[in-house]
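Note sheet for the following structure.
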Amino acid sequence: AVVVFEEPEFTLSTNAASYCVDEPVNFTVQSATSGSADWAFGNGAQGSGFFAATTYAEPGTYWAVADVGTALFACTAEDSVQVTVNPSPVWDLSVPEPGCSPFAATFGNASLNTQFIAWTYSDGSAPDVVWSPTHTFLNNTATPVVYTVEVHAESSNFCAADTVLQVGVLPAPEALIVLGASASCE
């Protein structure tokens with residue numbers, strides 16, 4: 001007599017509907033009859049177990065395939081789950097060369113995949129939410145000052161990126177005029 005064993009019954013799931021580049025994607029096999037799971041994530045990486053994770057370095061649609069085996073009798077079944085990976089903002093910012101106080105610094109911005117952007121200045125002024133802001137920095141000291149600018153961006157799929165820029169501000173020049181006795185007014 002030939003005995004035929006059933007394939008394992010299982011469902012595959014992920015922890016979200018879509019992801020951002022380099023965001024961890026968690027996979028789960030739910031089953032009462034399975035004993036093992038081997039994964040091919042569609043990005044060249046592999047994993048094993050009922051809970052597995054990977055990241056995707058490029059945007060796109062991927063298929064993660066799970067090969068699930070029963071605890072006994074080595075019966076296997078395969079299924080897949082689709083993973084959508086959205087692009088994150090890609091920075092292309094320019095910072096002006098240091099200038100004298102009061103320094104109106106204009107930041108260049110040719111960043112990609114950016115729907116929203118916010119610029120936060122370390123001088124305590126209000127943030128800007130414009131594409132390429134001009135911000136005036138002051139330096140009331142006798143030495144150069146470096147300010148930091150924190151930039152936060154989000155794509156239309158709410159993928160976020162953060163970076164920090166530095167702006168140098170030189171002291172305002174001071175003119176000193178000394179008149180000699182023969183050059184003075186009487």
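- Between Trp39 and Phe41, the ring planes lie parallel to each other; the angle is under 30°, not in the 30° to 60° tilted range.
- Between the side chain of Ser155 and the main chain of Pro89, no donor-acceptor pair closer than 3.5 Å is present.
- How far CD of Glu9 is from CG of Asp79: 12.5 Å, rounded to the nearest 0.5 Å.
- For Asp92 (side chain) and Leu112 (main-chain N/O), no donor-acceptor pair under 3.5 Å exists by modelled atom type.
- Using a distance-only test at 3.5 Å, with no hydrogens or angles considered, a donor-acceptor pair links the side chain of Asn43 to the main chain of Ala45.
- Minimum heavy-atom separation, Thr114 to Ser111: OG1-CB, 3.9 Å.
- Pairing each heavy atom of Pro171 with each of Pro144, the nearest pair is CD-N, 4.0 Å.
- Side-chain contact between Phe103 and Asn139: absent, with no pair of heavy atoms (C-beta onward) separated by less than 4.5 Å.
- In this structure, Tyr147 is a member of the same hydrophobic cluster as Leu165, with clusters built from ILVMFWY side-chain heavy atoms closer than 4.5 Å.
- The OG1 atom of Thr106 sits 11.5 Å away from atom NE2 of His135, with the distance rounded to the nearest 0.5 Å.
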| task | For Ser125 and Asp123, run side chain to side chain donor-acceptor pair (under 3.5 Å): C-alpha distance rounded to whole Å, both residues' side-chain angles, the deciding distance at 0.1 Å, then the answer. | result | CA-CA 6 Å; Ser125 60; Asp123 65 1; 2.7 Å; yes
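- Listed for the Asn109 side chain is a donor-acceptor partner under 3.5 Å among the backbone atoms of Trp131.
- Taking the six-membered ring where the residue is Trp, the centroids of Tyr19 and Tyr56 are separated by 6.0 Å or more.
- Taking the six-membered ring for Trp and thresholds of 30 and 60 degrees, Phe107 and Trp119 have ring planes inclined between 30 and 60 degrees apart.
- Of all non-hydrogen atoms in Asn86 and Pro59, the two that sit nearest each other are C-CB, 4.0 Å.
- Shortest non-hydrogen contact noted between Val21 and Pro87 is CG2-CA, 4.1 Å.
- Nearest approach of Glu150 to Val164, heavy atoms of both residues: CG-CG2, 4.2 Å.
- Atom OG1 in Thr54 sits 12.5 Å away from atom CD in Glu23 (nearest 0.5 Å).
- For the atom pair CD of Gln82 and OG1 of Thr61, the computed distance is 5.5 Å after rounding to the nearest 0.5 Å.
- At a threshold of 4.5 Å between side-chain heavy atoms, the hydrophobic network of Ile, Leu, Val, Met, Phe, Trp and Tyr places Val149 and Trp91 in one connected group.
- Using a 4.5 Å cut-off between side-chain heavy atoms of Ile, Leu, Val, Met, Phe, Trp and Tyr, with links allowed through other members, Phe50 and Leu12 fall into the same hydrophobic cluster.
- A donor-acceptor contact shorter than 3.5 Å is absent between the side chain of Ser31 and the backbone of Phe10.
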| request: In sequence, state the C-alpha distance, the side-chain angles, and the governing distance for Tyr121 and Asp128, and then conclude on side chain to side chain donor-acceptor pair (under 3.5 Å). | output: CA-CA 9 Å; Tyr121 309 103; Asp128 280 323; 2.6 Å; yes
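- Contact between Asn26 and Asn15 at its shortest, heavy atoms only, is N-OD1, 3.1 Å.
- By the rule that hydrophobic residues join a cluster once side-chain heavy atoms approach within less than 4.5 Å of another member, Phe137 and Val95 end up as members of one cluster.
- With values rounded to the nearest 0.5 angstrom, His152 atom NE2 is found 12.5 Å from Thr163 atom OG1.
- Rounding to the nearest 0.5 Å places OG of Ser156 at 8.0 Å from CG of Asn113.
- The closest donor-acceptor contact from the side chain of Thr76 to the backbone of Asp67 lies at 3.5 Å or more, if one exists at all.
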